Every structure is written in C-alpha cells, then in structure tokens.
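All values derive from a computational prediction rather than experimental measurement.
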Amino acid sequence: IEQSDDTSSTTETADSAAAEAEEPATVPTPTTQEDIYATAERISTDMSVPQDIALAAIYSSFSGTDGNRQVNEEAARSIVQSEVDAIGGVSEDCPEVTQLVEEGFDAFFVRRSLAFSEMNVDDARAILNADREDEEAEQMEMEAAKAQAEAEAAAKKEPAMKTVTVDYPKGFDPLASTAAPKPQPQKPEGAPTPAKKEDVIFEGTTEDLQKLVIESPVPVLLDVYADWCGPCKQLTPALEQICVNAGGMLRLVKINTDQQRQISGALEVKALPTIFGMRDGKILNMWQGMPRDEQMVRDFLMGLMVPGQGFKPPVSSEDKERYDDLSSKLLKLAAGASFSFSARERLENHVAKLLDELVTDIGGETGMAVADDSARVLRSLMSNLINNPFEEKFRKIKLDNKVIASKIAQYKPCMSILKSIGFVPEGDAVMVVAKGKRVVNIAPFVVGRGCIDKWIDKNRYQIAAEGRKRRDEIERARLAAEAEEAARNQVDEESEEESEDEADANLCMLKLRLEGKKKVHDIEMDADDTLATLMEKLPFSVEEGETVQFTCAAKRLIVKSTDAAKMSQTLSELRLKPAASIVIKVGDGKKADVTKGSLAERAAASKKKTTGSHSMHSIGLYAKDDGNKAETFESGGVLYDHDISDDEDEDGEEGSGEDGDKEEEASADEDEDEEEDEEEEEEETEE
C-alpha cells in the first residue's frame, strides 16, 4: 500500500510539472505612453505638483529592459514626496525667491531650484535656464513630430498614380534621331570624385558647432543665411555644389540666423548672406552679400584651401585682428554649448572635493597655504590653455619640472584634477591633452578654473592666516641656518683677523685732502716714516720755498714744514698710527712758527670787526612798495639799521684763518656774545 501511495504521489507530481511546463509564462505588458501620462496626471492631482515633476519622477522610476519597461508608481511618488519636502524648506517670501520670480521664473520651480542648489541664486538660475531650454527643445520636437504626422496623413490622402502601358511599334529604335546627340562634358583630368551631399553639407547649431566647425579636419565655409533672404536662396545652392565637387576637401556649414541667434551675434553678422572662411578653427576671411564675379569666389577658395597661397586682395592687419576676436568669441560659444549642464555640475563637484582632499593629504598647521600654492599652479596651467587653445606647447605638462614636481606631481588629488579636465599620461613624466587635435575644447578648463577661484575665495581668510604662519616658519629656518653658518665661520674669521692685525702692525693709513678740495687721496706709510717723508710723497705739486701745513683735527695737530723738529718726528710719535685724516694747505712761502697756542692767543688774533660795509634792515611791517626800505610806510612800520661785521680781515688773515678748529670755536664764541649784546640793545630800542 505504501509503495502504491508513493507511486501515485510521484505520478501526481509529474503530472503537475508537465501541466506547468505546458502553461505559458506570464509576461508583463509594457507600459505605453498613454499609461505614463495617465499615471503622471494621477500623481500630479493627488500630490498637488506640476505634471512635469511627476513625469520626471516616473521616468526615474522605470524598471525592466528597454523593450519592456514598467512604471513603479510607488517609487515615483516617493521621489515626488522627497522633492516636495525639500521645496517646503524654502520660504515663498525669502529674498532669493523674490529675486528670481521678478526675473520671470515660476515661483514653484524657483523654490525647487533653490532647494537643489542650497539657496545659491546663481546655481538656481542656471538650473531654471537649463529647464527652460529643455522645455523649448521638447516643444520643438513635438511640433516637428506633429508636422511630420500631418504630412504623412496628407500623403495618404493623395490618389495613387495610374500606370499606363504603351505598346512600342515593332522595330522601334529610341536612339535613332535626325538630331545629333549633345556631347557630354568631359571630367577634368585629376579632378576629385564628387562627395556625397550628406558628407559635406551640414546644418549647424550651437550644440554641434565645436564638432562641425572648430574641430573640422578640412576648411569650412560658414554660411549665415535666413529663409526669407532672396540672395541667400541664390548663393547657397552654388556653395553646396562647390563643396560637393571638392570631393570632401571642403565643408559647408549653414547657420540659420533666425534659429541660431547666439552664433550670428558672436560673429557680429550685419548683412545676409555672410560667408566666413575658416581653417583649423580660425576665421581667415569673409565676404557679405553676393560675390561680384566668379573670379572673386575662386580667389577666396584658393586662399582658404591652399596653405601659404594668400587671399586676393590680401587681408589687412585691422581685419586680421577683428577675425581673431571673432574666432575667440565663436570658440568660447562652441565650447560652452558642447559641455552640458550636468557634465559641468559633475566636474565642479569633483574638483571641489579633490581640493578638500588635497588639504587633508598635506595636513599640518599650514596645509591650506600649501594647497593654495598647488591650486594656483593648476589654475595657471588651465589659463594657458584657455588663452592659447591653438598652441600645442601648452598642451604638455612635464612632471619632472621643478615647480610641477614639488607642487603637483607629488599630490594624488592634483593629478586627479588634471585627468578630470582631459589630461592623459604619455610615458612616466609627461601628461598631454587634445593630442592630434587642431584646437582644444576649453570648456572643462574654464569650469575647472572657475571652481578653483571659488575655492580660493571661500577659504581666503584661512589661506591668509596659514600663509603668514608658513612664511614665519620659513624665515625662522633661514635665520637658524644663517646663525649656524656664522657660528661655523666665526673661528676662521677671528683667526684671519688676528693674522691680519699681526701682519699690519706697522701700517699707517693716511687720507690726505688739499684744503678747498673734496677729493681724498689714500696713502699707505710705515709708522716709522716721518712727516718729511710724507711731504715727499704728497700727491700735490708744491713749489720750492712754499710752506706746507699739515692739520689733523682729530689729533689736535697743526704742523708747518718750517718746523724742522716736528717734521723729523715719526708718524707713530705724532699719534697718526694706524690711520688719520690730514688736511694739506700749501702756503705763500712766509716763514712762521707752528704752535698750538692758547685760547687767549687765538682770540687776540681773531678778525677785526669793521662797520659800514653791510647792514641788516629789521622792518616791523612791510610796505606795498618794499623795494626801497628807506621810504616811509603807510602802515606805520618801523625801520631799524644794524651794522654787522665784515668777513674780511686783511691784517690777521694768515694767523686767524689757519689756526684750525679751536680758533674757529673761539671766534664763534665772541660772535655769539656780540650778537647777544646787539639783541639786548634792539629790545631796549623797541621798548
């Protein structure tokens, strides 16, 4: 019985398995566009949010493969609820919301963008502009699809063409004709094979401007036109035929100025049609309107397509500068349009994160200052490429360079920043960007440089504080090294000084100056030499019989050549060792004894005071006519006359003028006494 039960159980299991195998598996039905819109409308109504937000949440919550996607309504509602919570944290009355609403943005979407950008008005404005551009692009796609559907519907309504069968007569020859056939034009020898139209004719937009024009491998004719422009309709087909016949060696990019106003604005287009000739991303020449003749177009194309050929007429220097400026504007526009908003945002966040990691890796009390130095070097590398996108020398970074090695190569975050903006390794010690391209896309470098500027501005106070601390540390280290070096050399210097002192023990350095002259003469003499020896070595001419006076104010010494006793003394005995300054006066040959003298003797030999040759007028109030001080004064001023002494003393010229510093001091004392007496008399007279 047990065996039969087992057998029956086994049979039932097999039967059920076979039934399950025969029953087809249930495949979920893919969600249609109508289901998506219905779900979005339901979520929008239940949660009081715009339908656009509900649609975005639904697209973010898709599950399944591309061919069988299913809507996860619960996940979509969760996404919408998280956005509603974030929007609820932004007040409707805050200044940021008011500012953006006044610029024409919807209040709900303004609060949403501020919540995503952490209340940063500039970032919120960028998000709103990007959403607006996406909405306009979607609207244009819908209108295009609608127009295509209407065209297809109209085509279906047209009646089908009838087929007519013609019975040719027997022996009919269609080539037999009395008229001779026209000769076919022969293809010029060596002419290129015509290219396909879709390979050389393009409709340009801001998004593909970088790819079609800036990075084009062949010269480009940039045709700015409008649908309503009559001359444009005549010129454009001719340009298309020229590019097709060129066999791929020339490219035509057409720009509709009504739809691409940014491009026409950057190119400063003032007339239609306007044709720009471009090669390697640069504008070389242009013309406006219809060409004068065929030769003008031929000369233009030869200058554009043949390097070194030159245009006829030549491009002036003023036009060349203007074309360079237009090329720079077009390059910036193309780079910015080719770099999406999401890619820009990701790069900014990545660079900011790496800069913070750089500070952490360096560490220490001055880590921020060191990181600032590295960030500035990175910024310099980016600026070089932004300012010179066509120069290949700025596309290569040598990691073994002294500055690069110390500030960039040794830090992993710095190398990651270079890689994130497009640099790739080439060998062990070199990094390059845009290798093999004619021009660099400057968009990531502009974003990276802007991110570094924001980071520096955000941390400027901490950078300044740590920078001062770092400079102090460097200065202390320098001073310590100098002190250590000075300590090592001190012993050697002292020994050198001692040896020099021993070697120059008898050396006497004399500085001689002729009275009334400024030039000083240096003379080295031995301490045992006499003044007579010095007189023989004087660098001045002295006639025979003239008296020479030696004056050393510091040693209180005045010696004349007529004093044989003093002249026979050595420099050491006269205390002129080891150095002295001597004033030399060459006299008129008079014989006089040389003595130091006393103050009384010098005072007796002072200048005589004479009166009458000079006068000093002291006037209380100046008159209108102050040229004649002797006249009466309308204001009642008083005139005082004071006699002052002459500086000339004929009798005591030789004695008093040659007695040195002490004689001058005695004379000055007497003059001061006399001036005090005169001032007292003047005060009494005024009283």
Side-chain angles (χ1 to χ4, degrees), residues 43-44 47-61 75-138 336-337 339-360 368 371-372 375 378-379 382 413 417 420-421 443-466:
I43 294 175
S44 174
M47 304 187 72
S48 301
V49 296
Q51 191 172 358
D52 294 342
I53 295 180
L55 281 172
I58 290 173
Y59 288 133
S60 301
S61 63
R77 287 179 179 272
S78 176
I79 294 173
V80 173
Q81 186 61 42
S82 63
E83 291 193 11
V84 170
D85 295 340
I87 295 170
V90 180
S91 174
E92 296 181 357
D93 301 331
C94 66
E96 293 83 355
V97 174
T98 305
Q99 177 182 350
L100 293 175
V101 169
E102 291 177 354
E103 294 179 8
F105 297 107
D106 183 74
F108 181 84
F109 288 102
V110 166
R111 295 171 61 199
R112 176 173 176 263
S113 61
L114 287 171
F116 290 164
S117 62
E118 299 180 355
M119 302 302 291
N120 188 310
V121 176
D122 294 334
D123 294 345
R125 185 184 293 107
I127 294 174
L128 292 170
N129 288 328
D131 291 342
R132 179 178 291 178
E133 291 176 0
D134 294 341
E135 183 178 355
E136 292 176 355
E138 184 178 356
F339 206 60
S340 65
F341 177 79
S342 58
R344 184 183 298 108
E345 192 173 26
R346 286 195 302 270
L347 181 58
E348 287 180 349
N349 295 334
H350 185 59
V351 172
K353 180 181 177 182
L354 290 174
L355 290 173
D356 293 336
E357 290 180 2
L358 177 61
V359 178
T360 305
M368 183 66 74
D372 176 64
L378 287 172
R379 188 187 185 282
M382 297 177 188
I417 291 175
S420 64
I421 59 178
F445 300 95
V446 173
V447 174
R449 185 177 66 176
C451 187
I452 291 177
D453 290 340
K454 291 180 181 178
W455 182 84
I456 292 175
D457 183 68
K458 176 183 176 182
N459 302 286
R460 61 184 182 276
Y461 297 114
Q462 186 177 355
I463 291 172
E466 294 188 8

Under the salt bridge (charged side-chain N to carboxylate O under 4.0 Å, His left out) rule, collect the residues that match up with [X], sequence neighbours excluded.
{"X": "R460", "value": "D457"}
{"X": "E466", "value": "none"}
{"X": "R77", "value": "D46, E73"}
{"X": "D123", "value": "none"}

For [X], give me all partners under side chain to side chain donor-acceptor pair (under 3.5 Å), at least two apart in sequence or on another chain.
{"X": "E83", "value": "R112"}
{"X": "R125", "value": "E103, D122"}
{"X": "D453", "value": "R379"}
{"X": "S342", "value": "S340"}

Could you list the donor-acceptor pairs under 3.5 angstrom formed by side chains in residues 345-356, with sequence neighbours left out?
{"from": "N349", "atom 1": "ND2", "to": "E345", "atom 2": "O", "distance (Å)": "3.2"}
{"from": "D356", "atom 1": "OD1", "to": "W455", "atom 2": "NE1", "distance (Å)": "3.2"}

Pairwise side-chain contact, I53 with F109, heavy-atom cut-off 4.5 Å (strictly under): yes

Non-hydrogen side-chain atoms of M382 and I417 separated by less than 4.5 Å: yes

Value rounded to 0.5 Å, distance of CD1 in I463 from NZ in K458: 11.0 Å

Closest contact, heavy atoms only, S113 versus A124: OG-CB, 3.6 Å

Contact summary for F339 and R344, nearest pair of heavy atoms: O-NH2, 3.2 Å

Distance-only criterion, 3.5 Å: show the donor-acceptor pairs between side-chain atoms of residues 84-100 and protein atoms not counting sequence neighbours.
{"from": "D85", "atom 1": "OD1", "to": "Q81", "atom 2": "NE2", "distance (Å)": "3.0"}
{"from": "S91", "atom 1": "OG", "to": "D93", "atom 2": "N", "distance (Å)": "3.3"}
{"from": "E92", "atom 1": "OE2", "to": "R111", "atom 2": "NH1", "distance (Å)": "3.2"}
{"from": "T98", "atom 1": "OG1", "to": "C94", "atom 2": "O", "distance (Å)": "3.1"}

Sequence-distant partners of A76, side chain to side chain contact (heavy atoms under 4.5 Å, CB included), two or more places apart: I43, A57, I58, S61

Test side chain to side chain contact (heavy atoms under 4.5 Å, CB included) applied to S82 - qualifying residues, sequence neighbours left out: none

